[in-house]
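Values below: every heavy atom of this structure, side chains too, minus hydrogens, waters and symmetry copies. Throughout, residue positions are numbered sequentially from 1 according to the sequence presented.
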Amino acid sequence: NVDSDASLDSGDTGQMGDTGDSGDSAEVVEPLTCTDFAPAVCLRVDGTLATDTSATPPIYSTVGEAVSAAGARPERTVIVIAAGEYRETLDINAGLITLVGENPADAAAVRIVYDNGNPKTRPEGGTYGTSGSATVIVRRNDFKAKNLTIANDWTEGADNPESPSANQAALAIWTLA
């Protein structure tokens, strides 16, 4: 099951994008940190920093590095992601992973995005196909994501300008579990 509004026992601050205030004044929302999810295993991603696995919690510069580091642990691993755009593809095929954008009031603040479309040519030859175009592939039950955006910004017709509407698609997320 893919849960786009993961409920965690501690640190759960409501629906994606909900500040809890419908009036004119803007509520200041503190960024989530690993302490909000204790005692869960927690890793941090910040694209502006170099990877530092000796830090507490460990810091990774890409989401993919953090997912790989989480590995196949039997307990849930929460990966808290700093605001920014992460241009990468993910294949989540091991472990109990929860991806959490650090801003509970703005799911657009963290974007995991790539630009593969089904007719796009792979570096090794052939095309990606629809399933291969996914920015995130989930092969595990109990994957959770909250407070972030997963997108595919491939432009239809970009890889087949002579026939821009012929069998062209792109996936943001594909679940196999």
Please report the closest heavy-atom contact between Pro57 and Cys34, naming both atoms and the distance. CG-SG, 3.5 Å
Is the side chain of Arg73 donor-acceptor paired with the backbone N or O of Leu96 at a distance under 3.5 Å, no angle test? no
With sequence neighbours excluded, tell me which residues meet salt bridge (charged side-chain N to carboxylate O under 4.0 Å, His left out) with Arg44. Asp46, Glu102
If I take atom OG1 from residue Thr98 and atom CG from residue Asp142, how far apart are they, to the nearest 0.5 angstrom? 9.0 Å
So do the side chains of Val45 and Tyr86 get within less than 4.5 Å of each other, counting heavy atoms only? yes
Provide the closest heavy-atom pair for Ala70 versus Thr77 in the form atom of the first, atom of the second, distance. CB-CG2, 3.8 Å
Would Asp153 and Arg87 pass as an ion pair if we require N to O under 4.0 Å? yes
Check: Pro104 and Leu32 side chains under 4.5 Å, non-hydrogen atoms: yes
Between Ser61 and Ala50 (side chain of the first, backbone of the second, donor and acceptor by atom type, cut-off under 3.5 Å), is there such a pair? no
How far apart are the C-alpha atoms of Ile137 and Leu90, what are their side-chain angles, what is the distance that settles it, and do they pass the side chain to side chain contact (heavy atoms under 4.5 Å, CB included) test? CA-CA 6 Å; Ile137 298 172; Leu90 302 176; over 6 Å; no
Under 3.5 Å: donor-acceptor pair, side chain of Ser133, backbone of Tyr128: no
Reported OG1-to-NZ distance for the pair Thr155 and Lys120, which is rounded to 0.5 angstrom: 9.5 Å
dist Arg76:CZ -> Phe143:CZ (nearest 0.5 Å) comes out at 9.5 Å
Taking the side chain as C-beta and beyond, is there a heavy-atom pair between Ile59 and Thr51 under 4.5 Å? no
If you measure from NZ on Lys144 to CG on Leu99, what distance do you get to the nearest 0.5 Å? 12.5 Å
Stepwise, does the side chain to side chain contact (heavy atoms under 4.5 Å, CB included) test hold for Ile92 with Val136? CA-CA 8 Å; Ile92 300 172; Val136 176; 4.2 Å; yes
Heavy-atom distance under 4.5 Å between the side chains of Ile81 and Val100, does that happen here? no
Qualifying residues under side chain to side chain contact (heavy atoms under 4.5 Å, CB included), relative to Tyr114, sequence neighbours excluded: Thr89, Asn116, Thr135
Ignoring hydrogens, what is the shortest heavy-atom contact between Gly117 and Ala170? Give both atom names and the distance. CA-CB, 4.1 Å
Phe37 vs Val80 side-chain heavy atoms within contact, under 4.5 Å: yes
Between Tyr60 and Leu43, does a side chain to side chain contact (heavy atoms under 4.5 Å, CB included) hold up when you go through it step by step? CA-CA 8 Å; Tyr60 297 89; Leu43 307 174; 4.1 Å; yes
Do Arg122 and Thr127 meet the criterion of a side-chain donor-acceptor pair at a distance under 3.5 Å? no
Report the hydrophobic cluster partners of Val41, with the cluster defined as I, L, V, M, F, W, Y residues connected by side-chain heavy atoms closer than 4.5 angstrom, directly or transitively. none
Can you tell me how far the CD atom of Glu65 sits from the OG1 atom of Thr53, to the nearest 0.5 Å? 9.5 Å
Asn103 CG to Leu148 CG distance, which is reported to the nearest 0.5 Å: 11.5 Å
Trace of the side chain to side chain contact (heavy atoms under 4.5 Å, CB included) decision for Val138 with Ile173: CA-CA 8 Å; Val138 178; Ile173 187 167; 4.0 Å; yes
Please tell me if the side chains of Ile112 and Thr149 come closer than 4.5 Å, counting only heavy atoms from C-beta onward. no
